[in-house]
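Just so we're clear, the structure is a prediction, and the values are computed from it rather than from any experiment. Start at 1 and go down the list; that is how both ligands and their atoms are numbered.
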Amino acid sequence: MKILTVIGARPQFIKAASFSELFRKNNTEILVHTGQHYDFEMSELLFSELKLPKPDYNLNVGSRNHGEQIAKMLEEIEKILYIEKPQGVLLYGDTNSTLAGALAASKLNIPIFHIEAGLRSYNKKMPEEQNRIITDHLSSLLFCPTQTAVDNLKREGLSEGVIYTGDIMYDAILRNMKISQEKYSFNKGIEEIIYNSLKRSDCLFKEDDYYLATIHRAENTDDRVKLKKIIESFDKMNKIVVMPIHPRTRNILDKMNIKTQNIIFVKPVGYLLMLYLISKSCMVITDSGGVQKEAFLLNKPCTTLRDETEWVETLKNNWNALCSIKQKTIIDLVQRDTRHLKISEKSVFGNGNTTEIIVNSIIKYGGNSK
Ligand code: UDP
């Protein structure tokens with residue numbers, strides 16, 4: 001079978017690695033990288049670390065306004081679809097690359113296979129929510145990471161082609177945690193790891209004695225008052241906050257010129273180091289979807305700086321706490337006593353065989369449509 005996959009952003013590279021390896025054993029995959037994320041740490045580093053195949057096409061669209069970015073991708077993907085004539089287009093998640101791929105494929109009546117279908121925040125102001133609703137409604141196969149996602153789709157009248165698969169990120173964690181452990185051999189001191197990996201000697205923090213934070217959602221970064229509150233609360237925490245910083249957040253913070261003492265800002269780290277840093281932290285603070293789940297799957301409590309989450313399974317027993325952007329609330333929730341919290345079963349995200357289920361379903365679909 002021949003499919004064409006569109007990816008363009010960091011979490012998509014992480015999810016794509018295990019699928020590409022398995023699917024390509026007996027099938028053809030054409031890989032299109034839109035260039036939505038283009039910094040070395042957000043793209044090339046992950047491609048080499050995860051041994052992702054080299055893209056067949058690189059669109060280099062870069063940062064632009066939403067409409068312009070999607071339009072540019074749409075135009076280029078359509079041209080490639082005419083050349084490659086795939087039997088299906090595979091899309092991941094909810095980025096502008098996902099939406100452009102969905103629009104291009106559906107206009108040419110090419111079936112769409114959507115990994116991470118059915119997620120909803122029920123906040124239509126989020127660009128991600130707009131992208132995922134449209135993509136789901138244009139898809140032929142909708143691979144749902146959770147039962148909640150299946151139920152969400154049912155409420156929107158979608159049941160044909162909907163398949164509960166578990167979460168492909170769980171597969172990614174199981175696959176890469178071992179490699180991360182070998183690479184950062186867990187008995188080394190964390191200072192040594194950080195010094196060797198990031199070439200920074202000023203990062204003094206101890207295992208289990210720091211918060212790991214990531215902030216990049218438009219709702220937090222585009223509102224400077226909110227971003228200032230977040231950074232100021234991190235600066236008043238009882239433990240160091242280690243923050244691999246997304247380029248979008250970096251650009252805005254650079255203009256705001258806030259002085260901090262308790263935050264260690266580092267460039268975006270590779271996925272293997274990210275898994276290590278999560279697993280050695282005492283709590284994760286984030287607005288990322290993927291990082292919330294990684295905290296849960298690596299047994300770390302989490303505070304999510306958003307009003308809602310698509311990953312409601314992680315909220316049970318307050319393991320992951322949603323947090324509004326008020327300084328006192330952030331500090332109180334992050335510093336809450338988590339010692340007696342009970343974590344839910346990991347199986348809400350599947351059994352770690354999601355990639356296999358997805359690959360088999362796509363091949364079966366290809367066979368049936370011949
Ligand atoms: N991630 C990473 N390095 C970093 C920050 C995040 O490898 O410095 C990984 C993280 O472990 C997760 C993914 O990137 O697997 C999440 O991506 P992001 O937060 O950009 O997007 P979201 O999940 O919110 O769509």
Side-chain angles (χ1 to χ4, degrees), residues 7-18 36-50 52 63 91-99 115-116 119-121 123 126-132 135 145 167-177 179-180 183-184 194 197-198 200 203 211-221 241-250 263-281 284-298 300 302 304-306 308-311 314 320 349:
I7 51 178
R10 173 171 64 189
Q12 296 170 327
F13 309 143
I14 294 167
K15 290 163 201 159
S18 49
Q36 188 178 336
H37 283 170
Y38 49 86
D39 300 77
F40 172 80
E41 290 83 10
M42 300 293 286
S43 175
E44 214 177 305
L45 172 62
L46 296 156
F47 267 76
S48 64
E49 218 179 35
L50 298 167
L52 258 163
S63 303
L91 303 169
Y92 291 89
D94 51 25
T95 67
N96 285 347
S97 304
T98 316
L99 178 61
I115 296 183
E116 263 194 6
L119 295 177
R120 296 290 181 269
S121 64
N123 173 2
M126 280 178 78
E128 295 88 349
E129 184 81 351
Q130 303 155 3
N131 295 341
R132 50 172 95 103
T135 304
D167 192 339
I168 198 159
M169 279 194 89
Y170 191 11
D171 294 22
I173 292 178
L174 294 174
R175 175 188 157 111
N176 289 295
M177 199 58 199
I179 307 172
S180 168
K183 179 156 182 187
Y184 296 111
I194 294 302
S197 322
L198 303 174
R200 295 261 308 250
C203 298
Y211 301 113
L212 182 78
T214 74
I215 302 296
H216 75 287
R217 290 251 160 271
E219 66 205 62
N220 286 330
T221 57
V241 177
V242 179
M243 188 166 168
I245 186 159
H246 194 283
R248 183 216 308 245
T249 317
R250 162 104 282 158
I263 310 175
I264 297 177
F265 292 106
V266 295
K267 284 184 178 175
V269 295
Y271 180 55
L272 299 176
L273 184 53
M274 187 66 183
L275 291 179
Y276 173 81
L277 287 174
I278 294 175
S279 67
K280 294 291 180 185
S281 69
V284 168
I285 313 169
T286 192
D287 58 9
S288 154
V291 177
Q292 280 174 65
K293 264 181 305 169
E294 282 158 359
F296 177 88
L297 293 163
L298 295 172
K300 293 293 161 181
C302 184
T304 295
L305 302 182
R306 287 182 52 197
E308 69 278 311
T309 179
E310 300 75 15
W311 305 103
T314 60
N320 177 16
F349 293 114

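- Applying the ring-ring contact (aromatic ring centres under 6.0 Å, His included) criterion to Phe349, with sequence neighbours excluded, gives Phe296, Trp311.
- Within the 3.5 Å criterion, the main-chain N or O of Tyr271 finds a donor-acceptor partner in the side chain of Glu49.
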For residues 167-175, which side-chain donor-acceptor pairs fall under 3.5 Å, sequence neighbours excluded?
residue : atom : partner : partner atom : Å
Asp167  : OD1  : Met169  : N            : 2.8
Asp167  : OD2  : Lys293  : NZ           : 2.6
Asp171  : OD1  : Thr354  : N            : 3.3
Asp171  : OD2  : Thr354  : N            : 3.1
Asp171  : OD2  : Thr355  : N            : 2.7
Asp171  : OD2  : Thr355  : OG1          : 2.6
Arg175  : NH1  : Glu21   : OE1          : 3.3

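- A distance limit of 4.0 angstrom between heavy atoms and ligand 1 selects the residues Arg10, Pro11, Ile14, Met169, His216, Arg217, Pro244, Pro268, Val269, Gly270, Tyr271, Met274, Ser288, Gly289, Gly290, Val291, Glu294.
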Atom pairs and distances, side-chain donor-acceptor, residues 41-48, under 3.5 Å, sequence neighbours left out:
residue : atom : partner : partner atom : Å
Ser43   : OG   : His33   : NE2          : 3.0
Ser48   : OG   : Glu44   : O            : 3.4
Ser48   : OG   : Leu45   : O            : 3.1

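- Arg306 places none of its side-chain heavy atoms less than 4.5 Å from the side chain of Asn123.
- Between His216 and His246, the ring planes are parallel. Angles under 30° get that label, and only those over 60° would be called perpendicular.
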